[in-house]
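Heavy atoms only: backbone and side chains are in, while hydrogens, waters and symmetry mates are out. Only a predicted model underlies this, so the values are computations on that prediction, with no experimental measurement involved. Residue numbers begin at 1 in each chain, while the letters A, B, ... track the order of the sequences.
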Amino acid sequence: MERKLRKILVDALSGLGIPADNIEIEVPKDALHGDFSTPVAMILSKQLKKSPKIIAEDIRSKISGSDSFESIEIAGPGFINFRFSKKFIVLQMKELISGGDSFIAENIGRGKRVQIEFVSANPTGPMHLGHGRGAAVGAALSNMLNAAGYSVEKEFYVNDAGRQVKLLGESVFARYKELLGVSYPLPEDGYRGDYVGDVAKELKNEYGEQFKSIDFDKASEAVIDFAYNRMLDAIKKDLADFGVHFDTWQSEKELYSLNKVQQALEDLRGKGFVFDNEGAVWFKSTEFGDDKDRVVVKNNGDYTYFAPDIAYHRDKILRGFDELIDIWGADHHGYVPRMQAVIQALGHPKDSLKVILVQMVSLLKAGQPVQMSKRAGEFITLREVIDDIGPDTTKFLFLTRRSDSHLEVDIEVAKAQSSENPVYYVQYAHARINSIFAKAKEEAGLSAEAFSEFDGELLNDEELVLVKKLLLYPMVFKNAVLAREPHRITYYLQELAGMFHPYYHRHKVVTDDAELTKARLALCVAVKIVLKHGLEMLGVAAPQKM
RNA sequence: GCGCCUGUAGCUCAGUUGGAUAGAGCAACUGCCUUCUAAGCAGUGGGCCAGGGGUUCGAAUCCCUUCAGGCGCGCCA
């Protein structure tokens, strides 16, 4: 619907000899102002040195005559307000029904290759809620970009090198020794959760008493590998149960073994962005707007964590992606400038890396905050929440807010299968439509999937309002994709469900009037198409029955 | 001290990238199941958009500033 209007406006403006790019089209808050509105006349006013009303009048005279509109009004300081004709709306509705997903999703990606990296939880323990939120956002974004014609690859970066996995290995090793009756100190910043002991038991099952009398240094490689792989398996299982799937898993260790870290630094040195100073090797990130230059090789010869990150992002670019999306915890926001500096140093525009920051999730239980102590290894895991309230509810709740705003989840509310829980509200609308279809088949012998002909004139005003809401979805979807914001879809779905439920209560779909029944069934088909598409984007099930 | 994010109804949050009279859910109160599912519906109240200044036809939205909260500022990961 918005696409049509846009085209009409562009044509009208070029007919007037006005170059038109990026015409603003918006949905007025007040229905009295029509279905769509554009402030374009006011914006052009200064440039054309004409009053907005005159410009608006010129535009209107170019367009009038089209039977797509019931009215075109000029109002306020120079808004042009459009109200579509019933004929046009019904025509669009038929296109939605016959076209389905292809009607909804414009191909704005045009095959552009996007890599989206998310979760990337350290394989040193179970995932927490923040990881879950990142997973939900990443998966939803991937679905959206895919549907919008991008070629998307989802990747999990495995931090299997460095201090953290070593600490995990040593923590497990200490517990393992304990199991064998040998006293061994837990490392200073070691991991203390119960799962460490579980992995130690598995280590014992696998290796027996093989490491009983040797030091960690001698056994470290095998133990570390064993330990983080166990954790990675657990993470993979949690993600699978959460319904989030990755295309590729990139190992940090591999970047070292394939010499890519060194290559990356040499490459940047060749470009003049890596230099030596005070015994260390530095990346000149200030060249690209960072606060200070960053050390990549310490004066003791060790790489900083930043070095493999550089190599990783360089590798992604070399793999030929047009755009990179990283989803990080918001506490890492300080790293955005230096990472974007890397991208630029490698000769790519700053915005070819988009970093989406995901804020913390705080957990409440019946209104009371649940305390989480990471030090004691006590925190609510994603696994517990999924087991408690199910993957669909969890995902939906994670996608109800802008990702960079704090999120509170009350576990008691989420568990309640009631109106407090927005997931069910949306899913219920979908299931409800399915019930109607069953009824239609049983009583009227009408198969909702089978018919495409119906008399749109039979739709009443209330139904047209609902149809218009449906026809807005392609625009909502497009804007959500462009802004990379899944929550816009979540909101839209709640609004749509909030219109369908009341409609359901006021009007019976399946009646003795065969023609009216068909028209209303068509409306239900259309609502269902949109609900299903939206829920699919969010990675949430669209149940036939509840 | 510097930087980033946040501040909108009692609570949790949207607000179409600067548009017209500010929105939803929850909570509170009142009603509705002989019906295609009550996981639903109908109705009622609720606001100095943190404060101040500016930019312009027009600001919750952009700029400056103050206040409050969160996070980040290592040759830690």
Side-chain angles (χ1 to χ4, degrees), chain A residues 2 24-30 32-33 37-39 42-43 45-46 51-52 75-79 81 122 124 159 162-167 189 277-282 291-292 294-306 329-337 357 359-360 364 367 400-402 404-410 413 416-429 431-440 442-443 472 475-476 479-480 482-483 487-488 490-492 494-495 497-498 501-511 517 520-521 524 545-546:
Chain A
E2 178 243 2
E24 263 186 76
I25 294 177
E26 52 200 42
V27 181
K29 282 176 226 162
D30 192 334
L32 287 172
H33 296 131
S37 172
T38 180
M42 289 179 286
I43 293 166
S45 165
K46 194 173 267 178
S51 92
F79 290 102
N81 297 336
N122 273 341
T124 54
N159 291 101
R163 188 178 130 84
Q164 295 307 319
V165 284
K166 187 179 170 203
L167 265 179
D189 301 315
N277 190 28
E278 296 176 355
V281 182
W282 299 69
D291 293 341
K292 49 184 98 169
R294 308 289 171 177
V295 172
V296 288
V297 184
K298 305 182 216 173
N299 60 16
N300 68 6
D302 288 350
Y303 290 112
T304 63
Y305 70 93
F306 186 40
D331 52 340
H332 291 88
H333 71 257
Y335 304 103
V336 176
L357 299 172
Q359 268 292 358
M360 289 282 114
L364 305 177
T400 50
R401 307 280 180 247
R402 259 192 12 246
D404 64 348
S405 75
H406 287 269
L407 177 68
E408 288 191 356
V409 173
D410 192 313
V413 172
Q417 300 201 345
S418 72
S419 52
E420 285 179 54
N421 195 330
V423 195
Y424 297 114
Y425 190 74
V426 174
Q427 288 184 318
Y428 188 44
R432 201 165 226 180
I433 289 170
N434 216 61
S435 292
I436 296 171
F437 290 169
K439 177 88 173 177
E442 186 189 310
E443 291 201 354
L472 283 180
M475 180 180 72
V476 171
N479 287 337
L482 290 175
H487 78 276
R488 296 187 186 210
T490 318
Y491 260 81
Y492 172 86
Q494 293 184 74
E495 286 168 1
H501 286 305
Y503 169 74
Y504 167 92
H505 272 267
R506 275 197 289 271
H507 302 283
K508 232 167 140 46
V509 173
V510 182
T511 62
T517 300
R520 290 185 170 170
L521 273 176
C524 290
K545 216 176 211 165
M546 286 174 75

Euclidean distance, atom NE2 of residue A:His333 to atom P of B:rC4 [Å, nearest integer]: 9 Å
By ring pair (Phe, Tyr, Trp, His ring centres under 6.0 Å) - contacts of A:His507 (at least two apart): A:Tyr503
Phosphate-side-chain proximity, A:Tyr504 and B:rA38, N/O vs OP1/OP2 below 4.0 Å: yes
Point-to-point distance, once rounded to the nearest 0.5 Å, from CG of A:Asn122 to CZ of A:Arg163: 11.5 Å
Near-parallel close stack of A:His505 and B:rA42 base (under 5.5 Å, under 30°): no
Nearest-Å distance for atom pair CD/C1', residues A:Glu495 and B:rG23: 9 Å
B:rC36 phosphate, OP1 or OP2, under 4.0 Å from A:Arg520 side-chain N/O: no
A:Tyr491 ring over B:rA24 six-membered base ring, under 5.5 Å and 30°: no
Whether A:His501 side chain and A:Tyr425 backbone form a donor-acceptor pair below 3.5 Å: yes
Interatomic distance, A:Arg432 CZ vs B:rG40 C1' [rounded to whole Å]: 4 Å
B:rU12 - base-pair partner by Watson-Crick or wobble geometry, distances under 3.5 Å: B:rA24
Base partner of B:rG72, which must satisfy Watson-Crick or wobble distances under 3.5 Å: B:rC2
A:Lys298 side chain near B:rC76 phosphate (N/O to OP1/OP2, under 4.0 Å): yes
Donor-acceptor pair (no angle test) under 3.5 Å: A:Asn81 side chain, B:rA20 base: yes
5′-ward residue of the pair A:Ala483/A:Gln494 relative to RNA chain B: A:Ala483
Test ring pair (Phe, Tyr, Trp, His ring centres under 6.0 Å) applied to A:His332 - qualifying residues, sequence neighbours left out: A:Tyr335
Counter-base of B:rU35, judged by Watson-Crick or G-U geometry with both distances under 3.5 Å: none
Sugar-phosphate only, base, or nothing, as touched by A:Glu443 at under 4.0 Å among non-hydrogen atoms: nothing
Donor-acceptor pair under 3.5 Å, A:Ser37 side chain vs B:rA20 base: yes
Residue pair A:Ala429 / A:Ala497: nearest heavy atoms and the distance that separates them: CB-CB, 4.1 Å
B:rU6 phosphate, OP1 or OP2, under 4.0 Å from A:Arg402 side-chain N/O: yes
Sugar-phosphate only, base, or nothing, as touched by A:Leu364 at under 4.0 Å among non-hydrogen atoms: nothing
Phosphate OP1/OP2 of B:rG74: any A:Lys292 side-chain N/O under 4.0 Å: yes
Got a list of protein N/O to nucleotides 8-12 of chain B N/O distances below 3.5 Å?
residue : atom : partner  : partner atom : Å
B:rU12  : O2'  : A:Arg401 : NH2          : 3.0

Separation between the P atoms of B:rC49 and B:rC11, rounded to whole Å: 16 Å
G-U wobble or Watson-Crick pairing nucleotide for B:rA42 (cut-off 3.5 Å, both distances): B:rU30
Chi-based syn or anti call at B:rC4, which uses purine or pyrimidine torsion atoms and a 90° bound: anti
B:rG15 phosphate, OP1 or OP2, under 4.0 Å from A:His487 side-chain N/O: yes
A:Lys439 side, atom NZ; A:Asn434 side, atom CG - distance, nearest 0.5 Å: 14.5 Å
Nucleotide forming a Watson-Crick or wobble pair with B:rG18, both distances under 3.5 Å: none
Syn-anti status, with the boundary at 90° from 0, for the nucleotide B:rU17: syn
Spacing of A:Lys29 atom NZ relative to B:rA60 atom C1', expressed in whole Å: 9 Å
First of A:Tyr335 and A:Leu32 reached from the 5' end of RNA chain B, by closest nucleotide: A:Leu32
A:Gln494 and A:Thr400: CA distance, side-chain angles, deciding distance, side chain to side chain contact (heavy atoms under 4.5 Å, CB included) verdict: CA-CA 10 Å; A:Gln494 293 184 74; A:Thr400 50; 4.2 Å; yes
B:rC75 base / A:Asn299 side chain donor-acceptor hit below 3.5 Å: yes
Nucleotide paired to B:rC49 in any strand shown, Watson-Crick or G-U, under 3.5 Å: none
side-chain N/O A:Thr124 vs B:rA77 OP1/OP2, d < 4.0 Å: no
Pairing partner (Watson-Crick or G-U wobble, both distances under 3.5 angstrom) of B:rA59: none
Protein-nucleotide distance (A:Asp331, atom CG; B:rC4, atom P), rounded to Å: 18 Å
Whole-Å gap separating C1' (B:rA59) and CD (A:Glu26): 14 Å
Rounded distance in Å - CD (A:Gln427) to C1' (B:rA38): 17 Å
Separation of atom NE2 in A:His332 from atom C1' in B:rA77, rounded to whole Å: 8 Å
Touch class at under 4.0 angstrom, heavy-atom based, for A:Ala431 against every strand present: base
Touch class at under 4.0 angstrom, heavy-atom based, for A:Pro502 against every strand present: sugar-phosphate
Same-atom distance (P) from B:rA50 to B:rA60, integer angstrom: 10 Å
